[in-house]
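What you see below is based on every heavy atom in this structure, not just the backbone, and it leaves out hydrogens, waters and symmetry mates. Indexing begins at 1, ligand by ligand and atom by atom, following the structure's order.
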Amino acid sequence: MTHLPKPQPEALAHSIRVSERIAERLVLARGWLSFAEFMQLALYEPGLGYYSAGASKFGGAGDFVTAPEISPLFAEVVAEQIDLALRAVDSGDLLELGPGTGAFAAGAIDVFNRCGTPIERYRMLEVSADLRERQAERLARVNHAHPSREWCDRLPEAFSGVIFGNEILDALPCERFVTHDDQYWRLGVGLASESSSGEPRFEWRVRPADGSAPGDDEFRREAAHLQQSLRALGIELPNDYCGEWQVGLDGWFESMATSLTSGVMLLADYGLPRSQLYHPDRARGSLRCYYRHHAHDDPFLWPGLNDITAWVDFTRVAEAAERAGLQVQGFTTQMAFLAGGGIEQAMARALDAESLASSGARVAEQSKLAGGLRRLLMPGEMGESVKFVMLGRGDEIDLPAFALRDLRHTL
Ligand SMILES: C[S@@+](CC[C@H](N)C(=O)[O-])C[C@H]1O[C@@H](n2cnc3c(N)ncnc32)[C@H](O)[C@@H]1O
């Protein structure tokens with residue numbers, strides 16, 4: 001990892017505290033933790049984990065950028081689709097999952113006020129106390145008082161409206177597996193020998209899911225289902241193939257579906273249908289770590305200072321959602337969603353803004369927006385790798401953003 005910038009001493013000291021907490025858990029777990037448990041601690045341990053503690057994370061000063069940070073056109077287009085969905089379900093309630101810095105909410109609130117969206121409440125569910133504070137600061141700078149903002153600790157009961165989340169599923173803890181003589185083995189975490197300075201170090205430890213560790217039964221069920229459904233697709237994973245899946249998706253969608261009494265969920269995440277994600281060509285899996293805009297594949301490097309993500313199996317998402325009583329009402333790429341939702345018109349509107357009085361300001365804004373547009377839409381950037389899925393109950397809602405390229409048959 002010689003290409004990565006070195007963290008400041010204070011950040012390194014924080015990472016050592018995170019490593020010590022993980023090492024304590026490892027000792028309690030008799031030397032082996034699933035990768036999902038490691039990821040949960042590294043990202044979400046209160047006060048310590050990457051998302052729970054105070055590092056910058058998002059944007060230029062952070063480690064990665066998400067679509068709402070890349071361009072205001074993302075919130076512009078997605079919020080217009082949410083406006084249509086709210087009108088279709090006749091509700092004034094929006095819930096955003098994991099709002100990050102609040103960039104999406106800030107842009108969306110502008111759109112709702114411009115469109116006269118029938119929205120009363122903008123609720124936010126955020127697991128990180130640090131991010132909640134940042135969202136409140138960001139939204140305090142938004143010019144409109146309407147709709148009211150509300151932060152919640154858990155899903156509301158009997159929610160009717162739209163639930164939106166960008167890059168939530170790919171940030172959920174994932175299990176890792178490796179194939180070995182036609183079996184799926186658990187790729188977990190153990191303690192490596194200590195560094196010269198005495199801080200804990202971690203390494204991959206592979207073991208069969210033989211029932212002796214917590215989560216083995218769930219792993220076996222999930223692995224058997226994956227293996228069977230890949231076989232039905234004519235896919236046999238080669239030996240030493242490594243892959244991931246997010247743990248607890250059935251429970252996650254069950255609680256979403258219990259909360260959502262009417263309306264839809266709209267989710268955008270890096271991922272693929274099963275037949276493409278678990279393809280023999282992707283034999284190293286999709287686990288990626290981000291540190292100051294450098295992508296790497298070592299989650300044991302500076303725990304607590306890196307974001308860790310894995311791509312989503314959207315077929316598994318559809319199965320979990322359908323088991324919970326929701327139907328897949330739309331599935332497409334980010335490129336098709338934004339193009340179908342009118343991103344060109346949104347760009348033209350942004351360039352017509354009265355604030356861009358001089359031609360110099362217009363040219364500067366145009367080149368900034370075009371740069372953002374490229375990153376959102378190009379197939380080699382986010383255009384093809386990020387997918388939008390809409391899940392709902394009751395009557396289907398037809399959103400123009402899903403009409404351009406309906407990919408539901410690929411799930
Ligand atoms: C990659 S960030 C995306 C942030 C933001 N949506 C954006 O696009 O900039 C992942 C977010 O998911 C949140 N998160 C993680 N687990 C969650 C859960 N179970 N429920 C809701 N949010 C969660 C994190 O705290 C974080 O805000």
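Summarising the contacts of atom 19 (N) of ligand 1 with Y270, Y290, W252, the nearest heavy atom is found in W252.
No N or O atom of Y51 sits closer than 3.5 Å to an N or O atom of ligand 1.
Shortest contact from atom 10 (C) of ligand 1 to any protein heavy atom: E167 O, 3.2 Å. For atom 13 (C) of ligand 1, the closest non-hydrogen atom on the protein side is G98 CA, 3.8 Å. With respect to atom 18 (C) of ligand 1, the closest heavy atom belonging to the protein is V127 CG1, 4.0 Å. Nearest protein heavy-atom neighbour of atom 8 (O) of ligand 1: N166 ND2, 2.7 Å.
Below 4.0 Å from some heavy atom of E126 lie the following atoms of ligand 1, by number and element: 24 (C), 25 (O), 27 (O). In the vicinity of Y44, heavy-atom distances shorter than 4.0 Å reach the ligand 1 atoms 15 (C), 16 (N). Ligand 1 places these atoms under 4.0 Å from at least one heavy atom of I168: 11 (C), 12 (O). Taking every heavy atom of T66 and a limit of under 4.0 angstrom, the matching atoms of ligand 1 come to 7 (C), 8 (O), 9 (O). Below 4.0 Å from some heavy atom of P68 lie the following atoms of ligand 1, by number and element: 8 (O).
Ring pair F300/F38: centre-to-centre distance below 6.0 Å.
Residue-level proximity to ligand 1 for D307 is absent, since no heavy atom of it falls below 4.0 angstrom.
With contacts defined as side-chain heavy-atom distances shorter than 4.5 Å, the pair L391/I163 does not qualify.
Residues Q135 and W151 have side chains that bring a donor and an acceptor to within less than 3.5 angstrom of each other. Side-chain contact annotation: D307 with Y51, donor-acceptor N/O pair under 3.5 Å present. Counting only N and O atoms by type, the side chains of E244 and S286 include a donor and acceptor under 3.5 Å apart.
One N or O on the side chain of S255 and one on the backbone of G251 form a donor-acceptor pair closer than 3.5 Å. A donor-acceptor pair is defined here as one N or O able to donate and one able to accept, closer than 3.5 Å; no such pair exists between the side chain of E384 and the backbone of M335.
Ring-plane geometry between F402 and F337 is classed as perpendicular, the angle between the planes exceeding 60 degrees on a 0 to 90 degree scale with a lower cut at 30.
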